[in-house]
J.: 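This is the structure, below, for whatever I ask next.
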Amino acid sequence: MATVHEPTVVGVAHFNAAEDAAALRGAMKGFGTDEDAIIEILTSRSNAQRQAISQAFTLEYGRDIIEDLKSELGGHFEDVIVALMLPPAEYLCKELHHCMEGMGTDEKVLVEILCTRTKKEIAEIVEAYERLYNRPLAEHMCSETSGDFRRLLTLIVTGARDEEAGVDQARAAEAAQQLYDAGEAKWGTDEEIFNKILAHESFGQLRAIFEEYKNIAGRTIEQAIKAEIAGELSEALSAIVECVENSAAWFAKRLRSSMQGGGTEDKALIRIIVNRSEIDLAAVKREYESLYDKTLQSDVAQGETSGDYRKALIALLGPA
């Protein structure tokens with residue numbers, strides 16, 4: 001996957017978990033809560049440091065820091081802080097579970113979390129999901145989705161992607177021809193071929209396949225997918241293609257759409273900023289500015305976020 005490692009949160013050098021735990025306890029004790037202290041500490045520590053703070057807090061005070069934070073905070077600010085305190089795979093599992101529970105399924109969340117990760121990240125999510133919910137992620141997902149979309153996600157979740165093989169140009173040309181024959185070259189589309197290739201091949205190999213596709217078809221694979229395939233499957237395949245080519249740009253677009261239209265998709269905004277902050281959020285910010293001629297910070301500041309919620313997000317985004 002074309003993910004550049006450009007985090008905005010790297011943790012602090014002279015880290016002391018017990019000191020941070022004491023400072024957070026102080027920020028929550030007594031009359032009123034010191035939200036600024038909570039933001040200052042938790043948005044500048046790495047997730048590994050936050051897990052150490054959590055352990056120190058339980059050791060020192062016999063309390064669960066997440067429960068304490070929840071009892072002191074509210075609204076979307078609470079959501080950001082709880083997201084920061086959970087191990088990344090567990091947080092994404094909670095988001096997946098939430099998007100499938102109850103009436104209807106939010107397919108956009110399934111696409112965003114499952115179609116944009118490396119095989120290793122998917123394996124961590126699958127392991128954590130079963131541990132948290134005592135049920136395989138693939139099984140839950142199969143009960144909530146259908147058709148070719150379900151088949152694609154199942155291939156991804158069961159770890160079908162081959163990330164060990166190197167890039168083979170001859171195989172890439174062959175796969176590109178198969179994609180062309182399954183889509184543009186025939187009446188109707190053979191979605192199974194698209195699923196098989198886009199869920200199995202490594203990201204390096206997919207990059208080579210997409211190049212070859214352009215040579216054969218005279219247009220990009222993305223244009224072909226949009227023309228030939230509809231609905232959730234089209235969105236899922238497009239997400240894979242875009243993330244292979246430039247995952248930071250894909251997340252920049254997703255952030256933009258979460259802030260456009262009637263009201264903010266707060267869960268998506270929080271999820272992407274928190275989750276990418278230790279991966280490539282600096283690159284996402286750069287892509288955002290080049291796509292929209294505005295900084296991500298200014299859009300978050302001017303959007304519907306307010307008060308401590310806004311402060312926490314902007315702290316995670318780092319300097320403009």
J.: Quick one about Y213 and Q223 (side-chain donor to acceptor, distance below 3.5 Å, no hydrogens or angles considered), yes or no?
T.: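 There is no such pair between these side chains.
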J.: If you look only at pairs with a residue in residues 67-86, which of them pass as a ring-ring contact (aromatic ring centres under 6.0 Å, His included), with sequence neighbours excluded?
T.: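 Passing the test, one end in residues 67-86: H76-Y309.
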J.: Looking at D20 and R50, is there a salt bridge between them, counting it only when a charged N and a carboxylate O are closer than 4.0 Å?
T.: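 Salt bridge between R50 and D20, a charged N being under 4.0 Å from a carboxylate O: no.
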J.: Is the backbone of Y91 close enough, under 3.5 Å, to the side chain of R271 for a donor and an acceptor to pair up by distance?
T.: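 Such a contact is absent between R271 side chain and Y91 backbone.
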J.: Counting only N and O atoms by type, is there a donor-acceptor contact under 3.5 Å from the side chain of E78 to the main-chain atoms of L69?
T.: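 No; judged by distance alone, with no hydrogens or angles, the pair does not exist.
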J.: side-chain hydrogen bond (donor to acceptor under 3.5 Å, both in side chains): which pairs involve residues 25-34, sequence neighbours left out?
T.: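 As it turns out, the side-chain hydrogen bond (donor to acceptor under 3.5 Å, both in side chains) pairs with a partner in residues 25-34, which skip direct neighbours, are T33-E72.
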J.: Does a salt bridge link K226 with E222, judged by any charged N lying under 4.0 Å from a carboxylate O?
T.: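 Looking at E222 together with K226, the answer is yes, because their closest N to O distance falls below 4.0 Å.
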J.: Go through the steps for K285 and E6 under the test salt bridge (Lys or Arg N to Asp or Glu O under 4.0 Å), then give the verdict.
T.: CA-CA 10 Å; K285 279 163 51 182; E6 285 189 53; over 6 Å; no
J.: Please determine whether residues L233 and Y180 belong to a single hydrophobic cluster, defined as Ile, Leu, Val, Met, Phe, Trp and Tyr linked transitively by side-chain heavy-atom distances below 4.5 Å.
T.: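 Yes, it is one cluster - the side chains of L233 and Y180 are joined through contacts under 4.5 Å.
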J.: Hey, which of R276, K267, R254 is the one that makes salt bridge (charged side-chain N to carboxylate O under 4.0 Å, His left out) with E112?
T.: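 By the salt bridge (charged side-chain N to carboxylate O under 4.0 Å, His left out) criterion, E112 pairs with just one of R276, K267, R254: R254.
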J.: Can you pull the ring-ring contact (aromatic ring centres under 6.0 Å, His included) pairs that have at least one residue in residues 53-74, sequence neighbours excluded?
T.: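 Pairs touching residues 53-74 that pass the test: F57-Y61.
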J.: So does E245 pair up with R207, basic N to acidic O under 4.0 Å?
T.: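 So E245 does not pair with R207 through a salt bridge.
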J.: Do L155 and I113 sit in one hydrophobic cluster, given that two such residues count as connected whenever their side-chain heavy atoms are within less than 4.5 Å of each other, even indirectly?
T.: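 Each belongs to a different hydrophobic cluster.
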J.: Are a donor atom and an acceptor atom from the side chains of D181 and Q177 found within less than 3.5 Å of each other?
T.: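 The criterion, which ignores hydrogens and geometry beyond distance, is satisfied for Q177 and D181.
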J.: Using a strict threshold of under 4.0 Å (side-chain N to carboxylate O), is an ion pair present between E191 and R151?
T.: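 Here R151 does not pair with E191 in a salt bridge, since their nearest N and O are not under 4.0 Å apart.
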J.: Quiz question: by atom type and distance under 3.5 Å, do the side chains of S258 and E265 form a donor-acceptor pair?
T.: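 Absent: no donor and acceptor within the cut-off.
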J.: Is any side-chain heavy atom of L114 closer than 4.5 Å to one of M141?
T.: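 Yes, side chains in contact.
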J.: Is there a path of hydrophobic side-chain contacts, each under 4.5 Å between heavy atoms, that joins L59 and I66?
T.: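 Different hydrophobic clusters.
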J.: Of the non-hydrogen atoms in M85 and S54, which two are nearest, and what is the gap between them?
T.: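 Scanning both residues, the minimum pair turns out to be CE-CB, 4.1 Å.
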J.: Take the angle between the ring planes of Y129 and H97 and call it parallel below 30°, perpendicular above 60°, tilted in between.
T.: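 Correct class here is tilted.
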J.: Under a plain distance cut-off of 3.5 Å, with no hydrogens placed, do E287 and N246 share a side-chain donor-acceptor pair?
T.: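 Yes, E287 and N246 have a side-chain donor paired with an acceptor closer than 3.5 Å.
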J.: Between T43 (side chain) and A312 (backbone), is there a donor-acceptor pair under 3.5 Å?
T.: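 No, because the side chain of T43 does not come within donor-acceptor range (under 3.5 Å) of the backbone of A312.
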J.: Do the side chains of V241 and V167 join up, straight or via other hydrophobic residues, at under 4.5 Å, putting them in one cluster?
T.: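 No, it is not one cluster - the side chains of V241 and V167 are not joined through contacts under 4.5 Å.
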J.: What are the two closest heavy atoms between D168 and Q205, and how far apart are they?
T.: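 Heavy atoms of D168 and Q205 come nearest at N-OE1, 2.8 Å.
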J.: Treating E242 as the side-chain partner and A239 as the backbone partner, does any N or O pair qualify as donor plus acceptor under 3.5 Å?
T.: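 The answer is no, because no donor-acceptor pair under 3.5 Å joins these two groups.
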J.: Give the C-alpha distance, both sets of side-chain angles, the deciding distance and a yes or no for salt bridge (Lys or Arg N to Asp or Glu O under 4.0 Å) between R256 and D299.
T.: CA-CA 8 Å; R256 175 76 167 180; D299 273 358; 2.9 Å; yes
J.: Do N47 and Q51 pair up side chain to side chain, a donor and an acceptor below 3.5 Å, judged on atom types alone?
T.: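 The answer is yes; a qualifying pair exists.
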J.: Would the distance check show the side chain of T189 and the main-chain N or O of E228 forming a donor-acceptor pair, the cut-off being under 3.5 Å?
T.: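 Yes; judged by distance alone, with no hydrogens or angles, the pair exists.
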J.: Is it true that a side-chain atom of N195 and a backbone atom of D148 form a donor plus acceptor pair closer than 3.5 Å?
T.: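 Side chain of N195 to backbone of D148, a donor-acceptor pair under 3.5 Å: yes, one is there.
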J.: Under a 4.5 Å cut-off applied to non-hydrogen side-chain atoms, are I81 and L84 in contact?
T.: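 With C-beta onward as the side chain, the pair touches.
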J.: Take atom NZ in K214; do more than 12 heavy atoms of anything else shown fall under 6.0 Å from it?
T.: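 Open.
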J.: Has the side chain of D280 got a donor or acceptor atom that lies under 3.5 Å from a matching backbone atom of A283?
T.: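 No, because the side chain of D280 does not come within donor-acceptor range (under 3.5 Å) of the backbone of A283.
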J.: Give a yes or no on whether a salt bridge exists between R117 and E124, defined as a side-chain N under 4.0 angstrom from a carboxylate O.
T.: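 No, this pair does not count.
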J.: Does L255 belong to the same Ile/Leu/Val/Met/Phe/Trp/Tyr cluster as L291, with side-chain heavy atoms less than 4.5 Å apart forming each link?
T.: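 In one cluster: yes.
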J.: Using a strict cut-off of less than 4.0 Å between a Lys/Arg side-chain nitrogen and an Asp/Glu carboxylate oxygen, indicate whether R219 and E184 qualify as a salt bridge.
T.: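 A salt bridge is present here (some side-chain N lies under 4.0 Å from a carboxylate O).
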J.: Tell me whether H200 contacts the main-chain N or O of K196 through its side chain, where contact means a donor paired with an acceptor under 3.5 Å.
T.: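 The answer is yes, because a donor-acceptor pair under 3.5 Å joins these two groups.
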J.: If the threshold is 4.0 Å, N to carboxylate O, is there a salt bridge linking K120 and E163?
T.: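 Result for this pair is no, no salt bridge flagged.
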J.: Under a plain distance cut-off of 3.5 Å, with no hydrogens placed, do E289 and T295 share a side-chain donor-acceptor pair?
T.: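 Checked: T295/E289 side chains show no N/O donor-acceptor pair below 3.5 Å.
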